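Data first, discussion second: the structure below is written as structure tokens.
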Number of protein chains: 2
Amino acid sequence: MDRLTALNVFRHVAELQSFAEAGRRLGLSPAAISKNIAELERHLSCRLIHRTTRRMALTEEGRLYYRQVAQVLDDLDEADRSLFPMQATPSGVLRVSAPTTVTLKLLSPAIPRFLAQYPQLTLELDLDDRRVDLVKEGYDLAIRGSDRLEDSSLIARKLTSLEHVLCGSPAYFQGAGIPTRPADLARHNCIQFSLSSHSDFWEFSRGSERIGVSIDGRYKVGSSLAVRDALLAGFGLSVIPRVYVEDDLLSGAVVPVLTEWSLPLTEVYAVYGSRVHLALKVRVFLDFVSRALGGQ
Amino acid sequence: MDRLTALNVFRHVAELQSFAEAGRRLGLSPAAISKNIAELERHLSCRLIHRTTRRMALTEEGRLYYRQVAQVLDDLDEADRSLFPMQATPSGVLRVSAPTTVTLKLLSPAIPRFLAQYPQLTLELDLDDRRVDLVKEGYDLAIRGSDRLEDSSLIARKLTSLEHVLCGSPAYFQGAGIPTRPADLARHNCIQFSLSSHSDFWEFSRGSERIGVSIDGRYKVGSSLAVRDALLAGFGLSVIPRVYVEDDLLSGAVVPVLTEWSLPLTEVYAVYGSRVHLALKVRVFLDFVSRALGGQ
DNA sequence: CATATTATTCACCAATAGTGAACAACGATG
DNA sequence: CATCGTTGTTCACTATTGGTGAATAATATG
């Protein structure tokens, strides 16, 4: 027996006082109505409906059970319907993990406008450069660099690519000299962003030429902001996403070197659970982030 | 999808935080758990559980839905269980229709003791010599004479047989003469109990001899008590169940005539809806009535 | 690094839900 | 009162479905 169907059948029979009419209303044959009622009574070991040919009435037990069942079925409909608002309007709490610097530079200015668009949405944005576990830590979505992708069961949607620049302060280069070829870096103090894969092995390319250089330095740090601070302080040189030091390059606070060489890009992805039944709040944020980061 | 099963599965997964554990608890395979959840999500067009390999968490919608569903499932269990007391102890209201005189003479004295046995039972006993429609008029059980049986879909259980006696008051016979053979009745004032079938055609038998007599009279009434009153008043003679005039026969207030002839018996039945899922209250009353009326 | 466990998917099959048809019974109608 | 239409039941039948074992990818653990 499909008990929900049987309960619904019972409810209709009780309200309409007729098996036949209940069948018409539910699009079921008289045999199905009769069968469902019989099986519900068998399940309960209890007569719910007193019936003879062409006539029926609820028993006392039937009347009691009807009142309760009607409430239960209404509550269940209500439970189903309670999910509709979240499907029609982005609402609830959206929890996102995003890397610090990308977010501060590229997303922060636009977030208030995004939230203005969706008044019923609350955004919890954790700035975190670690590779977080979405399921374990309860995130709806994470923004990551290509080298911090993980579960292949998650969906990764590319948002943008970050160019990098090799640079240092004028003061640093005045003291240490300007590298003219990648191999020169072996004799420089190279500041490392420790959360980057291969942070101690930098690759360069020019046309079809590719060179990899093992580098070292006295300062490894897990924050792009701290890397920039060290650059500005003249502590060394580093490979850093260009947008992080855009203003510094313009002002001359840092200068690019080995500019005829190209550096690998960092691909930025949005990572989330599944395309199927994607919550509306996740989808609208995804769209927002795609536009904000210029991803096509 | 069997939605009730799916809801129960969802509830267990939510509480146990594990598909595998939920499967063990419910005796379902992992595949069945996975399938039920997927179909529930499809039904709702909504992700309820965020999951990757070996890990899962409820979504915000999932948490909301879980709270409601847990309540609904509990309410449904409660509805089912609310019928148990009626199955374990006769309780509620028992509505019975019974013929007036039989009840007053043979049941009334014993009913208080019956009700004392079942403190949670309420008896609504309608004294009614009509042929009632059980379903239409909301009776659980009716007591009837054999000539008032009706729906063959109802169950008839024989309770007892009533002997009849042809009698009148001594004063009546002094005025009208004593009938010595059935045919003599054609010249007598025969009081008729109008609710009896063939009330104007009385049958007599002696050994293998059977005689039927059309009778007439100036008084037809639908109450055996009124028939007895008329007898005692010397208004005429009548065929009446012996137990109705037992005391009057002993005191000589009425005397039997044509006593070498036998009259047909009236079989008394209990009539009720169905043997299957018979409510406990009906069953105990049935047993009580069987014992009270001496039916074997 | 090997092993055990989790969650998913799919082809398969036993179980099941709904049905048409036949039926008995009865209410409405002429 | 006879006839007709409708009700509720039952049953053999069939399309659908729910659960499964096995294979799989992924991951936690020792």
Side-chain angles (χ1 to χ4, degrees), chain A residues 1-10 12-14 16-43 47-58 131 133-136 149-155 273-277, chain B residues 1-10 12-14 16-43 47-58 131 133-136 149-155 273-277:
Chain A
M1 166 179 64
D2 179 332
R3 263 186 67 209
L4 217 53
T5 299
L7 291 172
N8 197 39
V9 162
F10 171 61
H12 278 73
V13 166
L16 299 168
Q17 290 288 298
S18 165
F19 282 46
E21 188 52 35
R24 283 189 286 272
R25 191 70 59 91
L26 294 170
L28 289 169
S29 69
I33 299 295
S34 191
K35 202 177 190 183
N36 269 287
I37 295 298
E39 284 174 18
L40 185 55
E41 285 175 333
R42 186 165 53 76
H43 166 76
R47 174 75 50 186
L48 297 173
I49 300 178
H50 186 27
R51 51 215 188 262
T52 57
T53 61
R54 299 205 58 166
R55 195 187 295 287
M56 54 143 287
L58 289 185
R131 164 184 150 179
D133 184 321
L134 261 71
V135 181
K136 189 175 185 179
L149 295 174
E150 53 177 50
D151 294 305
S152 59
S153 58
L154 296 176
I155 307 297
S274 166
R275 288 189 194 82
V276 183
H277 305 319
Chain B
M1 164 181 63
D2 180 332
R3 265 187 65 210
L4 217 56
T5 299
L7 291 172
N8 196 42
V9 162
F10 171 63
H12 279 73
V13 166
L16 299 167
Q17 289 289 298
S18 164
F19 282 46
E21 187 53 33
R24 286 189 284 273
R25 194 66 62 89
L26 294 169
L28 288 170
S29 69
I33 299 294
S34 191
K35 202 176 189 183
N36 269 287
I37 295 297
E39 284 174 16
L40 185 56
E41 286 175 333
R42 186 167 52 77
H43 166 77
R47 173 74 50 188
L48 297 172
I49 299 178
H50 186 27
R51 50 213 190 264
T52 57
T53 61
R54 297 207 59 168
R55 194 185 296 286
M56 55 144 286
L58 290 184
R131 164 186 150 177
D133 184 321
L134 261 70
V135 180
K136 189 174 186 179
L149 295 175
E150 52 176 50
D151 293 304
S152 58
S153 57
L154 297 177
I155 307 296
S274 166
R275 284 187 196 84
V276 182
H277 305 318

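Keep in mind that what you see is a predicted model, and the values were worked out from it rather than measured.
Considering only the side chain of B/Ser34, C/dT9 comes nearest among C/dG27, C/dT9, D/dG8.
Rounded to a whole Å, the CZ atom of B/Arg3 is 13 Å from the P atom of D/dG18. As a whole-Å value, the separation of A/Arg47 CZ from D/dG8 C1' is 12 Å. Put simply, NE2 on A/His277 is 14 Å from C1' on C/dT8, counting in whole angstrom units. At whole-Å resolution of the value, CZ in B/Arg25 and P in C/dT6 are 13 Å apart. Protein atom CD1 of B/Ile33 is 16 Å distant from nucleotide atom C1' of C/dT5, rounded to whole Å. Atom NE2 of B/His50 and atom P of C/dT8 are 12 Å apart (whole Å). Counting to the nearest Å, the P atom of C/dC26 and the CG atom of B/Leu134 are 13 Å from each other. Per the geometry, CD1 belonging to A/Ile49 stands 14 Å off C1' belonging to D/dT7, to the nearest Å.
Note on A/Arg25 versus A/Glu21: salt bridge recorded, some NZ/NE/NH1/NH2 to OD/OE distance being below 4.0 Å.
Contact between the side-chain N/O atoms of B/Ser18 and the OP1/OP2 oxygens of C/dA7 is found at a separation under 4.0 Å. Distances shorter than 4.0 Å separate none of the side-chain N or O atoms of B/Arg24 from OP1 or OP2 on C/dA7. For D/dT7, neither phosphate oxygen OP1 nor OP2 lies less than 4.0 angstrom from any side-chain nitrogen or oxygen of A/Arg51.
Remark: A/Ser18 pairs with no residue by the side chain to side chain donor-acceptor pair (under 3.5 Å) rule, at least two apart or across chains. Every residue meeting the side chain to side chain donor-acceptor pair (under 3.5 Å) condition with B/Arg47, not counting sequence neighbours, appears here in chain and number order: A/Ser274, B/Glu41. For B/Phe19, there are no ring pair (Phe, Tyr, Trp, His ring centres under 6.0 Å) partners, not counting sequence neighbours. By the side chain to side chain donor-acceptor pair (under 3.5 Å) test, A/Asn8 is found to be paired with no residue, residues two or more places apart in sequence or in another chain being considered.
Residues A/Leu28 and A/Val9 form a side-chain contact, since some pair of their non-hydrogen atoms from C-beta on lies under 4.5 Å apart.
Summarising the geometry, atom CD1 belonging to B/Ile33 is positioned 9.5 Å from atom CG belonging to B/Leu16; distances are rounded to the nearest 0.5 Å.
Closest approach of A/Val13 and A/Ala22 over heavy atoms only: CG2-CB, 3.6 Å.
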* Could you check B/Met56 against B/His50 for side chain to side chain contact (heavy atoms under 4.5 Å, CB included), going step by step and ending with a plain yes or no? => CA-CA 6 Å; B/Met56 55 144 286; B/His50 186 27; over 6 Å; no

* Asked: Which letter, B, S or -, goes with each nucleotide of nucleotides 19-24 of chain D from 5' to 3', with contact meaning a protein heavy atom under 4.0 Å?
  -> BBB---

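Summary for the helix from C/dC1-D/dG30 to C/dG30-D/dC1: the axes at its two ends, each from 5 pairs, differ by 40° when rounded to the nearest 10 degrees.
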